[in-house]
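Both backbone and side-chain heavy atoms feed into the values below; hydrogens, waters and symmetry mates do not. Throughout, a chain's letter reflects where its sequence line sits, starting with A, and its residues are numbered from 1.
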Number of protein chains: 2
Amino acid sequence: MMTIKDVAKIAGVSVATVSRVLNESGYVNIDTRKKVEAAIKEMNYTPNEVARSLYKRKSKLIGLLLPDITNPFFPQLARGIEDRMQEHGYRIIFGNSDENEEKELDYIQTFIQNNVIGMISSTNFPEKDIYSNLKIPVVFLDRTSNDSPSVYADGRKGGRLAAQEIIARGSTKITVMQGPAHIKPAQDRFQGAIEVLNEMGITYQVIQTSSFSHTEAEQWAVELFDKYIDTDGVIASNDIVATAVIHEAHRLGKRVPQDLQIIGFDDIPLSSLLSPSLSTIRQPAHDMGREAAGLLIKLIEQDKVEDKIIQLPVSFVERETTRRKE
Amino acid sequence: MMTIKDVAKIAGVSVATVSRVLNESGYVNIDTRKKVEAAIKEMNYTPNEVARSLYKRKSKLIGLLLPDITNPFFPQLARGIEDRMQEHGYRIIFGNSDENEEKELDYIQTFIQNNVIGMISSTNFPEKDIYSNLKIPVVFLDRTSNDSPSVYADGRKGGRLAAQEIIARGSTKITVMQGPAHIKPAQDRFQGAIEVLNEMGITYQVIQTSSFSHTEAEQWAVELFDKYIDTDGVIASNDIVATAVIHEAHRLGKRVPQDLQIIGFDDIPLSSLLSPSLSTIRQPAHDMGREAAGLLIKLIEQDKVEDKIIQLPVSFVERETTRRKE
DNA sequence: TTGTAGGCGTTATCAG
DNA sequence: CTGATAACGCCTACAA
């Protein structure tokens, strides 16, 4: 491994000078600069980030904590984050928390031990001391807490939209699937939906779902029709559950959207490929990731940041699981 | 930030002693050990991994390079890797390569600058010098190169299976979708399938697909029926394309599986939720991730590793896009 | 404009 | 059994 010393030696200067050209700091004669640059290129030298990090007490690493990368919504966030971070020279240490506080703590711990310079987290525990006591900037993604920096989509609005659209298209016996109680955005959606339902005086039923996992989605779909066989409109807690509902409706011989309309949430990439393709409330996941990254970078690089809360708009994506508007 | 010095001070010993108890190295009197441990707990001290890494010239970080986390196959690999690594105290620095050599190089570069102790890569360029010149262990995942350590599923076998099963279920005008030319496993599948087709003397057509992206999947599905409207069996290059094919078949009024059978590849989590649910060749993605992590850990921690090539079995998952065997 | 030297937090060597 | 102390590779006063 090359070190700054080696470069200094073959450039015939001191390490301090090499460091100066490396960091474009302080004065350095144009000619010696050239010599140094030549040496660097020749030896194909790149500075050891670990040593840098030790000295500066901070690295170019940022910590990313997501509940479960296996849920199709999160890779999109991750991708948005990574794209933006990468443009700015930051790298990502990644962990799945499984919404498990202990695991989360453990990761935060090691993030800090590795001098991460900032962190993005989709945690269910944003209020915890761990976060408020952190000495590095944190951005909550798809989550919020008071006035902490955060990026999220307007879940309540999304829920309202879903209800409005499904009502406008003629469903009258609506079932709302309520996502996991401990996940804030899931509850926002739910609240938004029932708000509208109540305002319009439409009767509805609720199905509780306690997670967003693929494996359990099927069960809830079954439970749904088991309890409410004659429902004619389902507002699902996300696209995965919605997919399972389509599947189950098919199995029961229900026609979608004629007998039953379904609206999902998220607009994961596969939604448009389903048969029928899924009408859904779109969250701009990739953008959310980019924004979160952008916000964190600001927090890191600027001392004063005005807009620390970024709310992105959701929108109704009309596809084939809803009828044409009357 | 606490340092080992602070601990030493309040424990009334030298840093060397603290270091010894931290690393369980060398002798240390039981009583002083207790004092030190008490101090550590009291101050809630955790060692600075960066300093450790600098001294040891290697960290507890491993680099992970995946083509695109947005493709549902990869999160599963990632998850498998992470789970296993996490159990062993390793953390992951992650990057999307987009199958772009330059990006890949860039990441490898920074991985090394960060003293990663090993690397897992799903690269299309395993033969490149960058890899062979690396001084840290590398495991290729879902990829291979000569006798480099690697973990992958038996793609050729998978292709053969797909062809055998679809033939056994009565398709006679088969279309094989050939995945991206530069992706080895995609070609293996293709080869396996046409091998069987040729052996059995079945005529078939080929549709080229140049990527695995969601956005383009739809186009190939359209192209497929555009060119071969009366095909009665499709062997898709992966589950995403297969999903698009189901969708397009629906649109054209074809009944699946009566008029048209479809077999996918991968068995991504959503496959079972589709309508009809997708028959596919399953790759044990999560296990592949775990195995790759396990192999890398061995490579790191042991000096001699016997089985450096791990091939995992694929299997046919019978669902609703194929008919019952006759 | 350039070089010397001290320090970032740990570990390991070597006396004691 | 314990304690100085020299690295690890880099950056930044401070001198020259």
Pairs where residues 106-115 of chain A contributes a residue and the test salt bridge (Lys or Arg N to Asp or Glu O under 4.0 Å) is met, not counting sequence neighbours: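 Salt bridge (Lys or Arg N to Asp or Glu O under 4.0 Å) check on residues 106-115 of chain A returns A/Asp106-B/Arg91.
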
Per the salt bridge (Lys or Arg N to Asp or Glu O under 4.0 Å) rule, what does the pair list look like for residues 15-31 of chain B, sequence neighbours excluded?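 For residues 15-31 of chain B, and leaving out neighbouring residues, there are no salt bridge (Lys or Arg N to Asp or Glu O under 4.0 Å) pairs at all.
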
Euclidean distance, atom [atom1] of residue [X] to atom [atom2] of [N] [Å, nearest integer]:
| X | N | atom1 | atom2 | answer |
| --- | --- | --- | --- | --- |
| B/Gln113 | D/dG9 | CD | C1' | 12 Å |
| A/Asn115 | D/dC10 | CG | C1' | 14 Å |
| B/Ile112 | D/dG9 | CD1 | C1' | 16 Å |
| B/Glu49 | D/dC8 | CD | C1' | 15 Å |
| A/Ile40 | D/dC10 | CD1 | C1' | 13 Å |
| B/Asn48 | D/dC8 | CG | C1' | 13 Å |
| A/Lys5 | D/dC8 | NZ | P | 6 Å |
| B/Asp31 | D/dC1 | CG | C1' | 12 Å |

OP1 or OP2 of [N] versus the side-chain N and O atoms of [X]: is any pair under 4.0 Å?
| X | N | result |
| --- | --- | --- |
| B/Tyr27 | D/dG3 | no |
| B/Arg57 | D/dG9 | yes |
| A/Ser53 | D/dC10 | no |

Listed by chain and number, what are the side chain to side chain contact (heavy atoms under 4.5 Å, CB included) partners of [X], not counting sequence neighbours?
| X | value |
| --- | --- |
| A/Glu102 | A/Asn100 |
| A/Ser132 | A/Asp129 |
| B/Arg84 | B/Glu87, B/His88, B/Arg290, B/Ala293, B/Ile297 |
| A/Ala292 | A/Ile120, A/Val139, A/Leu141, A/Val151 |

Mind checking side chain to side chain donor-acceptor pair (under 3.5 Å) for [X] and listing every partner two or more places apart, or none if nothing turns up?
| X | answer |
| --- | --- |
| A/Lys103 | A/Asp98 |
| B/Asn23 | B/Ser19 |
| A/Ser122 | none |

So if I take residues 11-21 of chain A and measure heavy-atom distances to DNA chain C, which residues fall below 4.0 Å?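 Hits under 4.0 Å, by residue number: A/Val13, A/Ser14, A/Ala16, A/Thr17, A/Arg20.
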
Residue whose closest nucleotide on DNA chain D lies nearer the 5' end, B/Leu54 versus B/Thr32: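 Looking at DNA chain D, the more 5' nearest nucleotide goes with B/Thr32.
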
Quick one: bend of the helix from C/dT1-D/dA16 to C/dG16-D/dC1 from 5 pairs per end, to 10°?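 Axis angle across the helix from C/dT1-D/dA16 to C/dG16-D/dC1, nearest 10°: 50°.
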
Any B/Asp6 side-chain heavy atom under 4.5 Å of B/Ile10 side chain: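 Not in contact.
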
Could you tell me whether the side chain of B/Phe94 reaches within less than 4.5 Å of the side chain of A/Leu64, counting heavy atoms only?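 Side chain of A/Leu64 against side chain of B/Phe94, heavy atoms only: no contact under 4.5 Å found.
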
Does anyone know the first and last nucleotide of DNA chain C in reach of chain A, 5' to 3', at under 4.0 angstrom to a heavy atom?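 Footprint of chain A along DNA chain C, 5' to 3': C/dT1 to C/dG9.
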
What do the steps show when you test A/Tyr131 against A/Ser121 for side chain to side chain donor-acceptor pair (under 3.5 Å), and what is the final call? CA-CA 10 Å; A/Tyr131 284 107; A/Ser121 171; 2.8 Å; yes

